[in-house]
Amino acid sequence: MLDTGVPGLVAFGSTFETLIDALQRSIGRLAADDRATRIGVPPVISRQLLERLGYVETFPHLLGTVHTYEGDDRQWRELASALRQGESWTQRHELSDVALLPAACYHLYPQLAEAEFTAPAVFDLTGHCYRHERTAEAGRMRSFRMHELIRVDTPASVLGWRDDWIERASGWLRALGLTVAVEPANDPFFGDAGRMMGRMQRADQLKWELVVEVADGLSQAVVSCNCHKDHFSAEFGFRMAEGEAHTSCVAFGLERIALAILHRHGSDRRSWPEELKR
């Protein structure tokens, strides 16, 4: 890992990137039976869409917005002069129509608007995501890569698929030589209302996290398995032919998994367990 001088912003060396690539291929093999449709997504997303999804209201502390210069040449000459003197140069920057992507799956749901599914559908997305973490704790990065699988199906089916992935992903992590704890969890909703939402999410057991050690004495969630109920299908009007559609997802935090492997086994691949070498 390479220090950029900015807390929570990390660059990576060759060994780390080789491991990330291998993890991606391994997750692909693990998910082969799902016959998922792959979708590539950009690292920014419509600000209006995040507002519609409720992200701006529930996670304002994690959101990264994009501002752009809206002035003319003359105004910039004044600001450039201020810049050279070490003063603020952002007065003419205004909020743009995009924000940094907080979760890869958010690009998917508008594409499903008003669709009717005659069979279950699974989608596979990987994206560079951003969350404004206010700590330099190892593994808690502001910019990170997320590999997500999302299933659209009947309510009972998506819940069973989510539970199956808890077992599938736990076994995969253990095969990589990691000690895994499966824990109920909630998203870090903001404010008093957010704390109530978090309690409801835990009570309904909608979110489970697979937690491993990523540094000495520090354990973090590396996989999240979630049931959204009809939160997205109701908003965008997609459904199953026989009735209501729900969604579930499983999300892999690639950098954290790589950190956990390197912490457990070191960077010398000759000392890795056979499953990890494969």
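Computed from a predicted structure; not experimentally measured.
- Remark: the backbone N or O of T179 is not paired with any side-chain donor or acceptor of R174 at under 3.5 angstrom.
- Results of the side chain to side chain contact (heavy atoms under 4.5 Å, CB included) test with F144 over M146, R140, R142 single out M146 as the only residue that passes.
- Using a cut-off of 4.0 Å between Lys/Arg side-chain N and Asp/Glu carboxylate O, R52 and E235 are scored as salt-bridged.
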- Message: Using the rule given for salt bridge (Lys or Arg N to Asp or Glu O under 4.0 Å), can you reason through E255 versus R145, listing the C-alpha separation, both sets of side-chain angles and the distance that settles it, and then say yes or no?
- Response: CA-CA 7 Å; E255 281 88 355; R145 282 163 283 192; 2.7 Å; yes
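- Of the possible polar contacts, none joining the S143 side chain to the L9 backbone as a donor-acceptor pair under 3.5 Å is found.
- Hydrophobic cluster membership differs between L108 and V250, with clusters built from Ile, Leu, Val, Met, Phe, Trp and Tyr side chains linked at under 4.5 angstrom.
- By the criterion of side-chain heavy atoms lying less than 4.5 angstrom apart, applied directly or through intervening Ile, Leu, Val, Met, Phe, Trp or Tyr residues, V158 is not grouped with F232; the two fall into different hydrophobic clusters.
- Looking at heavy atoms from C-beta onward, M141 lies in side-chain contact with L259 at the 4.5 angstrom threshold.
- Side-chain contact between V211 and V223 is absent, with no heavy atoms from C-beta onward closer than 4.5 Å.
- Counting heavy-atom neighbours within 6.0 Å of D268 CG, excluding the residue itself, gives a total above 12.
- S96 places no side-chain N or O within 3.5 Å of a backbone atom of H67 that could act as its donor or acceptor partner.
- Y106 and F123 end up in the same hydrophobic cluster when Ile, Leu, Val, Met, Phe, Trp and Tyr side chains are linked at under 4.5 Å.
- To the nearest 0.5 Å, the span separating OG on S219 from CD on E209 amounts to 12.0 Å.
- Counted by atom type alone, Q220 and E137 present one or more donor-acceptor pairs between their side chains at under 3.5 Å.
- A 4.5 Å side-chain heavy-atom check between R151 and R162 finds every atom pair outside the cut-off.
- Between R168 and D34 there is a salt bridge, since a side-chain N of the basic residue sits under 4.0 Å from a carboxylate O of the acidic one.
- Within the 3.5 Å criterion, the main-chain N or O of G237 finds a donor-acceptor partner in the side chain of R239.
- In the model, H147 has a side-chain atom that pairs as donor or acceptor with a side-chain atom of Q24 under 3.5 Å.
- Taking the six-membered ring where the residue is Trp, H228 and Y109 present perpendicular rings, their angle passing 60° and hence far from 30°.
- A donor-acceptor contact shorter than 3.5 Å links the side chain of H107 to the backbone of V44.
- Ring centroid separation for the pair Y69 and W89 does not come in under the 6.0 Å cut-off.
- Atom OG1 of T154 is separated from atom CZ of F117 by 13.0 Å, given to the nearest 0.5 angstrom.
- Between E242 atom CD and E116 atom CD the span is 9.0 Å, to the nearest 0.5 Å.
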